[in-house]
Amino acid sequence: MARAYDVQAVEEKWQARWREEETYQVDNDDPRPPFYALCMYPYPSGPAHQGHVRNYTFGDLVVRYQTMQGKAVLSPLGFDSFGLPAENAAIRTGTHPRVFTDARITELKESLIRLGAVYDWRREVRSHDPSYMHWTQLIFLRLFKAGLAYRANAPVNWCPGCQTVLANEQVLPDGRCERSGDVVVTRYLEQWFFKITAYADELLTALDDLEWPERVKLMQRNWIGRSEGAEMDLEVVGRPDVTLTVFTTRPDTTFGMTYAVMAPEHPLVDALTTDEHRAAVVDLRARVAMESELERTVVAETAPALEKRGAFTGSWVVNPFNGEQVPLYVADYVLMGYGSGAIMAVPAEDQRDWAFAKLHGLPIVRTVEPPEGWDEQGGEAYAGDGVKVNSGFLDGLDVAGAKEAAIRFLEREQRGRRKVNYRLRDWLVSRQRYWGCPIPIVYCPVHGAVPVPEDELPVLAPDDVDFLPTGQSPLALDEDFKRTTCPIGGEPAVRETDTMDTFVDSSWYFLRFCDPFDSDGPFSPAAAARWMPVDQYIGGIEHAILHLMYARFFTRAVIDVGLAPPDLPREPFRRLFTQGMIRMDGSKMSKSKGNLVAPERYFRSVGADALRLFHLFVGPPTDDFDWTDQTDEVIDGCGRFLDRLWRLAESAAPAAVRSGPLGEADLEVRRATHRTIQQVTADIERWSYNTAVAHCMEQVNLLQRYVRDDPHADVLEEAVDALLHLLAPMVPHVTAELWERRHAGRLHARPWPKFDASLVSEETVTMVVQVNGKVRDRLQVPVGIGEDDARAAALASSRVVEVLDGEAPSRVVVRAPRLVNVVTAIGSA
RNA sequence: GCGGACGUGGCGGAACGGGUAGACGCGCCGGGUUUAGGUCCCGGUCCCUUCGGGGGUGGAGGUUCGAGUCCUCUCGUCCGCACCA
């Protein structure tokens with residue numbers, strides 16, 4: 001494609017300038033008002049792909065726009081550099097993960113610089129850098145000391161073939177190991193957790209005030225999964241020594257409890273199973289243990305299988321509301337991880353209980369009157385509202401009222417209490433991997449789990465380990481690393497060989513950016529206070545739940561353990577923007593799918609500006625985009641637009657144009673210029689980049705016509721200069737170059753243009769005249785036209801007179817100056 | 001199954017608080033300049049039409065002077081969660 005200018009030369013020139021002039025380095029004592037703009041730091045997987053291009057184009061636009069708005073914009077970037085792909089590459093090729101990762105970082109960084117995205121590279125952090133790991137480990141220890149990190153036995157996906165733990169992503173949909181094909185089983189290991197559940201309620205309620213997409217807030221709400229109900233302590237017949245605690249969201253239905261169920265993993269199963277039923281229960285538990293979580297949920301959809309999935313324990317429990325004795329079962333449809341791991345079963349008002357009761361021949365008692373015809377239409381469990389029946393003192397109440405009355409009864413009788421339950425579980429951070437941040441703990445036979453002293457941090461994994469395709473972490477096999485002494489008593493001890501989930505690294509990097517030069521702590525409180533919270537966070541929707549939840553938790557935790565000042569905002573990201581995914585043939589564009597379209601070829605052809613403009617223009621930033629055969633043509637079109645812009649700006653040679661007084665045509669162009677400033681500014685503020693670009697295109701089209709006519713020098717100058725400002729954050733190279741050719745100085749250091757209010761308001765507008773809602777005429781009227789004049793003008797319209805054909809209007813709706821609707825009796829009938 | 005989002009020309013999309021549906025771009029059609037061009041410039045492009053106009057935003061209803069926009073039902077696509085008591 002022949003271009004109007006040497007794209008590559010211009011882009012390389014300006015990228016060098018921005019680097020040499022340190023344009024986007026911002027010090028913590030910068031006097032301008034602060035603005036913290038942050039794109040989620042990337043996992044370095046090699047050169048940028050289109051998803052990166054889209055993300056960092058948006059981010060760069062924000063940085064440059066806010067800078068032109070007069071802010072001190074903090075624009076840091078780093079790399080989420082720990083993770084499994086590097087470790088797998090090490091096993092495959094023998095290259096150390098660090099060497100592999102650093103090479104990928106270099107590639108990605110080069111792509112981003114070539115895109116023209118600007119950062120304060122002094123602040124770059126990498127998760128695997130010892131100076132970052134140091135503080136990740138310190139935070140871990142402080143959480144441990146505050147009781148927010150703890151050790152517990154937890155189920156993991158265990159591959160018997162590989163003799164190792166698998167991440168959920170490594171388990172295939174059929175429940176087999178992706179490497180060996182063995183059936184994955186559940187196993188229990190001692191692992192580290194962060195107590196995120198302690199913050200469940202705060203993480204939920206604080207969502208309300210965030211300027212985040214509703215979709216993301218909703219996903220977080222569902223993930224936290226708050227439900228209100230009651231906990232009840234059930235007596236076990238003949239066993240005064242134990243009570244079985246159950247959780248229910250429907251305490252109003254307790255009169256309908258016809259049996260109770262424990263999860264197979266429930267600690268009371270052994271104690272409450274009678275000898276007569278032990279064999280069946282043991283059998284059930286063994287089968288459940290062999291099953292993966294997946295199998296357990298998938299097969300459950302076929303109802304007959306339920307029969308095999310429950311077993312009577314031989315014990316009976318007592319209904320606290322009516323004293324009746326009901327049988328106690330073990331069944332795998334009850335999960336140990338939710339509520340208390342045991343339920344009261346009310347088949348009439350819960351569909352799963354209904355199915356189970358039918359199969360086991362258990363009684364069903366309705367406690368809510370279902371709607372008329374429910375049974376006749378084959379309705380089973382009825383979970384809706386209605387009048388309480390068969391429920392003693394609750395009869396006649398509605399469900400909500402009965403719930404309250406039931407809870408009051410339980411609390412008065414001391415048989416239970418109001419209880420809020422969350423779906424959210426504590427965060428399991430242990431990973432049986434090498435390429436992650438080691439957990440700084442030593443196990444001593446005398447003192448147990450002992451923190452590594454803070455002055456001995458960071459704990460670094462040894463480099464000279466073998467990466468073998470066994471699935472075992474090389475750390476666990478390294479005796480030199482493992483063997484140590486107890487920090488308290490000096491006894492022989494062993495190190496923790498697990499590393500931390502990489503989500504731990506990404507849960508505080510935005511705090512480190514405030515002051516990455518600090519060697520006394522993870523970040524200085526003063527620096528955090530200056531920049532936090534992040535004013536604009538930008539990233540992919542795929543992080544809507546885990547990363548964003550963990551980061552919100554971590555910010556609170558570091559405040560509460562005293563690492564951050566108590567008055568630091570507890571929400572790290574004030575505004576969040578989630579961009580859409582780039583798709584190809586219906587699936588996400590990604591390296592693993594092999595459907596990447598590398599940006600490099602566009603840098604070499606149309607240039608970074610055209611590619612950036614394409615990503616801004618192609619559709620709403622939040623929407624997914626399908627990369628198709630037509631896409632290259634659209635990108636070429638963006639290049640053609642930049643050519644037109646170039647020719648337009650270069651054609652404005654003062655000698656060739658008119659001076660002197662302005663005519664009406666000149667005024668029209670001035671109005672268009674100021675309206676464009678108004679529209680583009682508003683569009684950028686509301687993240688409507690596609691329409692912002694469209695308005696700039698319209699203005700170029702208009703100015704092209706104006707240049708051909710008889711342009712006025714001042715009017716053309718104003719128009720082109722304004723346009724260059726508006727496009728500066730979007731296509732920084734070409735606009736910077738054109739500005740330099742026209743004026744001295746740096747375009748991107750200039751203030752954002754302001755529009756003249758008197759010029760954006762038009763003097764006349766088109767008034768639409770409708771008859772019965774159909775457009776019949778369009779009149780040019782003064783913008784300040786009164787209601788009466790508008791009505792009169794509309795009724796005087798020859799088109800209206802014609803359509804009315806003598807009929808008198810029954811009503812005239814006037815919305816001056818834009819619209820008049822003449823309504824006739826016939827039309828409104 | 002539960003929760004949510006979205007359905008507009010050949011295509012991506014615009015229409016911000018109910019008020020001119022289709023901005024801008026791609027593609028396509030026609031013309032011009034160069035003519036080596038896949039360059040550049042100009043015009044046209046929702047459908048039907050007897051050229052008066054009529055119809056049209058997945059489908060069916062409704063509210064309203066007026067609905068792409070609000071309400072009900074329905075069909076379709078996508079996303080999140082999924083035996084959560």
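Throughout, protein chains are lettered first and strands after them, A, B, ... in sequence-line order, and every chain is numbered starting at 1.
- Across all strands shown, A:R644 has heavy atoms under 4.0 Å from sugar-phosphate atoms exclusively, and none from any base.
- Contact annotation for A:N690: backbone-only contact, meaning every heavy-atom pair under 4.0 Å involves sugar-phosphate atoms and none involves a base.
- Residue A:V813 is in base contact, counting any heavy-atom pair closer than 4.0 Å across all strands shown.
- Taking the charged nitrogens against the carboxylate oxygens, A:R250 and A:D350 have no contact shorter than 4.0 Å, which rules out a salt bridge.
- For A:K217, the NZ atom counts as densely surrounded, since its 6.0 Å shell holds more than 12 non-hydrogen atoms of other residues, nucleotides or ligands.
- Residue contacts shown for A:L218 are limited to sugar-phosphate atoms, with no base heavy atom under 4.0 Å away.
- Salt bridge present: A:E404 and A:R418 bring a charged side-chain N and a carboxylate O closer than 4.0 Å.
- Backbone-only engagement by A:R708 is indicated by non-hydrogen atom pairs under 4.0 Å involving sugar-phosphate atoms exclusively.
- The glycosidic torsion of B:G9 lies within 90° of 0, placing the base in the syn range.
- Two residues, A:D683 and A:M219, neighbour RNA chain B, and the one matched to the more 5' nucleotide by heavy-atom proximity is A:D683.
- Contact annotation: A:R776 reaches the phosphate of B:G54 (side-chain N/O to OP1 or OP2, under 4.0 Å).
- Applying the ring pair (Phe, Tyr, Trp, His ring centres under 6.0 Å) rule to A:Y382 yields the partners A:W374; only residues at least two apart in sequence or on another chain are considered.
- At a cut-off of 3.5 angstrom, counting only N and O atoms as typed in the model, there is no donor on one side facing an acceptor on the other between the side-chain of A:E698 and the base of B:C24.
- A search for ring pair (Phe, Tyr, Trp, His ring centres under 6.0 Å) contacts involving A:Y259 returns A:Y329, A:F356, not counting sequence neighbours.
- A close approach under 4.0 Å does not occur between any side-chain nitrogen or oxygen of A:R818 and OP1 or OP2 of B:G19.
- Between A:L616 atom CG and B:G25 atom C1' the separation is 14 Å, expressed in whole Å.
- Aromatic pair A:Y338/A:Y422: ring centres not closer than 6.0 Å.
- Syn is the glycosidic conformation of B:G52, whose angle stays within 90° of 0.
- Helical stems of RNA chain B (runs of at least 3 Watson-Crick or G-U pairs, donor-acceptor distances under 3.5 Å) are listed by first residue: B:1-7 with B:75-81, B:10-12 with B:24-26, B:27-32 with B:40-45, B:46-48 with B:53-55, B:58-62 with B:70-74.
- Here the side chains of A:W627 and A:R583 are not in contact, with every heavy-atom distance at 4.5 Å or above.
- Side-chain atoms of A:Y338 lie closest to B:A85 of the nucleotides B:A85, B:C81, B:G55.
- Nearest to the side-chain atoms of A:R686 among the listed nucleotides B:C16, B:G53, B:G25 stands B:C16.
- Between B:G18 and B:C70, the distance separating the two C1' atoms is 8 Å to the nearest Å.
- Below the 3.5 angstrom threshold, one finds a donor paired with an acceptor across the side chain of A:R815 and the base of B:G19.
- Considering only side-chain atoms of A:P620, the nucleotide from B:A21, B:C81, B:G13 that sits closest is B:G13.
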